[in-house]
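Right, one structure below, let's go through it.
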Amino acid sequence: MTTEWMDKESKYYMFVVRRQPVVIARGEGTRVWDVEDKEYLDFTSGWAVNNVGHANSVVADAIAKQARTLLQTSNQFYTIPQLQLAEILVENSALDKVFFCNSGAEANEGAMKLARRYGAQKRNGAFEIVTALNSFHGRTMANVSATGQPHYQELFQPIPPGFSHVPFDDIEALKGAITDRTVAVMLEPVQAEGGVNIPSEGYLQNVRDFCDENELLLIFDEVQTGIGRLGTLFGYQSFGVEPDIMTLAKGLGGGVPIGAFMATDEAMAFQPGDHGSTFGGNALTCAAAYASTKFILDNDVVDNAATVGAYLGQGLNDLMSRYDFITEVRGMGCLWAMLFDSDITPAVVGACNDAGILLNPLRPNAVRLMPPLTVTKEEIDEALERLETGIKVATA
Ligand SMILES: *Cc1c(COP(=O)(O)O)cnc(C)c1O
């Protein structure tokens, strides 16, 4: 059965992502089952999306109820789920206003457009945005420019101008890159796709201070770090540094596609007509995101992500102490990377599939682990056993 679906994929689907040979049919909590009914612990979570677990019944009920009530109206009118979601996000963050869209890339596009309006109105037409090397901001044209990885840019020349890149975690490089055309600095608090790179103590605070001294907006791309992933509701809270603009997506909707960007009142430079979206803030996605976010807040899911995530980190470090070919383990909350001394990622991911744990291939020599934030200690124990089985087979 698996091969039949794989054949259909190669016949009909654009080949842009190398997939694992696993056809996932259903999920529940931290687990998924394939079409042959093999069970896996899912440490990919749909790329850090399924923060409340697969088939979460609270979210599923909210979606079903909303689908039978009202799906879509457009932003020509008010709808209740959108405003409930707006309230819960604003009241639980340091930002004052929100706009909803449909993906992380779209959230970043909105944030960058907002920064340009701010520059036009308050900074003499400044428009340039400084981002970090090894960042990942999405796949639209402006995000390809923003993303500080040449291999995403080379194929799509000419890419939109208005960006410059500096090494992450290097405050002096940032200071050297600012001109009078610079309006904003955009960073992931922890670089996720770029390798789970955690900034050194004080770096983000130094960036904040520098932005304040130079009237620059600080944009945090929290598409992956937001909504509990790092063990705080928003990643910026892990570092005690508040952004002027923040973007969200991945974990926001409990599995449905929704993105958001948020801004302080000071940074909210849009006038009516400056931005919009047909589907953005639609009643269905907002009802799902509201149910998911409320579930996270009501059930201390963020604390679970911190404590059970730390337990996962300990387990990974324990593996590293027992296997020489594991060279580094880094992460926080429920976002971890494990690095190897050679390019064994394909072998590790394949053997781990067989052993019943799904991993994300991050680099030829690194895998990423990002379980749902509702993962239990017992599931971590089981995952570590399966992971050890997988890496033993891969290196035998
Ligand atoms: C995934 C990701 C994006 C892009 O989100 P899409 O929903 O795929 O457009 C942007 N920024 C970060 C930090 C991400 O991890």
Side-chain angles (χ1 to χ4, degrees), residues 14 16-17 43-51 99-115 129-149 151-153 156 159-160 163 165 168-169 184-199 204 218-230 232 234-236 238-239 243 245-262 277 279-282 285 288-289 292 331-337 360-363 366 368-370 373:
M14 289 190 188
V16 291
V17 178
F43 275 47
T44 68
S45 299
W47 288 345
V49 167
N50 302 107
N51 286 15
F99 181 90
F100 296 121
C101 54
N102 309 289
S103 69
E106 223 185 295
N108 287 338
E109 288 274 343
M112 295 186 282
K113 285 174 72 179
L114 182 57
I129 299 175
V130 181
T131 70
L133 293 170
N134 277 322
S135 57
F136 182 79
H137 296 297
R139 303 287 199 154
T140 62
M141 289 303 292
N143 280 301
V144 163
S145 287
T147 292
Q149 301 190 50
H151 71 104
Y152 284 112
Q153 304 183 337
F156 302 106
I159 53 172
F163 296 90
H165 305 96
F168 186 62
D169 202 22
V185 176
M186 180 162 84
L187 297 172
E188 299 156 87
V190 169
Q191 291 189 325
E193 197 267 358
V196 186
N197 305 318
I198 297 171
L204 293 175
L218 179 56
I219 305 173
F220 278 165
D221 176 348
E222 294 235 23
V223 168
Q224 186 152 165
T225 54
I227 317 294
R229 183 56 51 190
L230 299 186
T232 47
F234 302 105
Y236 74 77
S238 293
F239 300 94
I245 301 174
M246 169 171 75
T247 60
L248 300 170
K250 294 200 163 86
L252 176 58
V256 306
I258 183 170
F261 61 99
M262 304 184 68
S277 174
F279 290 123
N282 146 306
T285 57
S292 179
M332 50 196 292
C334 283
L335 181 63
W336 290 86
N360 173 245
L362 184 62
R363 290 285 175 274
R368 184 168 38 163
L369 299 95
M370 37 189 171
L373 311 185

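Predicted, not measured: the structure shown is a model, and the values here were computed from it. Positions are given from 1, in the same order as the sequence printed here. Ligands are counted one by one from 1 in listed order, and the atoms in each one are counted from 1 as well.
- Distance check on atom 6 (P) of ligand 1: some protein heavy atom falls below the 4.0 Å cut-off.
- Annotation: side chain of M112 is not in contact with side chain of S145 (no heavy-atom distance under 4.5 Å).
- Of the protein's non-hydrogen atoms, D221 OD2, 2.7 Å is the one closest to atom 11 (N) of ligand 1.
- Put simply, the side chain of N197 reaches to within 4.5 Å of the side chain of F168, judged on heavy atoms.
- Within the 4.5 Å cutoff, no side-chain heavy atoms of M262 are placed close to those of E222.
- Polar contact check, A192 against ligand 1: no nitrogen or oxygen pair lies under 3.5 Å apart.
- Contact of the F261 side chain with the E109 side chain is not registered, since no non-hydrogen atoms from C-beta on lie closer than 4.5 Å.
- Close approach of ligand 1 to N108 is summarised as follows: ligand atoms under 4.0 Å from at least one heavy atom of the residue are 10 (C), 11 (N).
- In this structure, F234 and L248 have side chains that are in contact, with non-hydrogen atoms separated by less than 4.5 Å.
- The residue W47 has no part lying near ligand 1, judged by heavy-atom distances below 4.0 Å.
- Residue contacts with ligand 1: K250 is included, with a non-hydrogen atom under 4.0 Å away.
- With contacts defined as side-chain heavy-atom distances shorter than 4.5 Å, the pair W336/F43 does not qualify.
- Of the polar atoms of G138, none of the N or O atoms is found under 3.5 Å from an N or O of ligand 1, judged by distance alone.
- The single protein non-hydrogen atom nearest to atom 9 (O) of ligand 1 is A105 N, 2.8 Å, given as residue, atom name and distance.
- Separation of atoms CG (N360) and CG (L369) is listed at 8.5 Å; rounding is to 0.5 Å.
- Residue-to-ligand polar distances keep A249 apart from ligand 1: every N/O pair is separated by 3.5 Å or more.
- The side chain to side chain donor-acceptor pair (under 3.5 Å) with H137 is formed by just one residue from the set T147, N143, D221, T131; it is D221.
- Each of the atoms 7 (O), 9 (O) of ligand 1 lies under 4.0 Å from some heavy atom of S103.
- Of all atoms in ligand 1, listed by their number and element, those nearer than 4.0 Å to a heavy atom of E188 are 13 (C).
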